[in-house]
Amino acid sequence: AGGEIAANLDALYAYISGQLLMGNIKNQPALLEEAHALLTELRAAWNAIASKQATDSVDTDAPALQRVSA
């Protein structure tokens, strides 16, 4: 249902999972650090989306709240 975005996220998660696996198998901290950096960026993006949705929801509800309290 998510189309291209879902496919891209799936590929990114698969890549990160592979980096974590190989980093652990080969004991290569650089691969683990890369996975950590990617997940940190992804988390920040999800948080920004959630924050924007919360802000948009408040902005959408504001006129209705003003009418009720007036």
Side-chain angles (χ1 to χ4, degrees):
E4 184 179 351
I5 292 173
N8 289 342
L9 282 172
D10 185 54
L12 179 59
Y13 285 126
Y15 175 78
I16 292 170
S17 180
Q19 294 299 91
L20 291 171
L21 179 65
M22 295 310 294
N24 281 305
I25 289 172
K26 294 182 176 186
N27 194 25
Q28 293 184 340
L31 297 177
L32 302 176
E33 290 167 6
E34 179 186 9
H36 181 264
L38 289 169
L39 287 170
T40 300
E41 279 188 57
L42 195 54
R43 181 175 188 250
W46 282 118
N47 286 339
I49 291 168
S51 179
K52 181 166 178 8
Q53 285 181 335
T55 301
D56 289 350
S57 176
V58 169
D59 290 344
T60 302
D61 293 340
L65 292 175
Q66 290 172 353
R67 285 193 301 268
V68 171
S69 63

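These numbers were taken from a predicted model, which means no experiment stands behind them. Excluded from the calculations below are hydrogen atoms, water molecules and symmetry mates; all remaining heavy atoms, backbone and side chain alike, are included.
Within the 3.5 Å criterion, the main-chain N or O of Tyr13 finds no donor-acceptor partner in the side chain of Ser17. The closest donor-acceptor contact from the side chain of Ser51 to the backbone of Asn47 lies at 3.5 Å or more, if one exists at all.
For the atom pair CD (Glu4) and CG (Leu9), the distance works out to 10.5 Å, reported to the nearest 0.5 Å. To the nearest 0.5 Å, the span separating CD on Gln19 from NE2 on His36 amounts to 14.5 Å. Put simply, CG on Leu32 and CG on Leu21 are 10.0 Å apart, with the number rounded to the nearest 0.5 Å. Atom CD1 of Ile25 and atom CG of Leu20 lie 11.0 Å apart (nearest 0.5 Å). From Leu39, atom CG reaches atom CD1 of Ile16 across 4.0 Å, with rounding to the nearest 0.5 Å.
Around the CD1 atom of Ile49, the shell of radius 6.0 Å holds more than 12 heavy atoms that belong to other residues, nucleotides or ligands.
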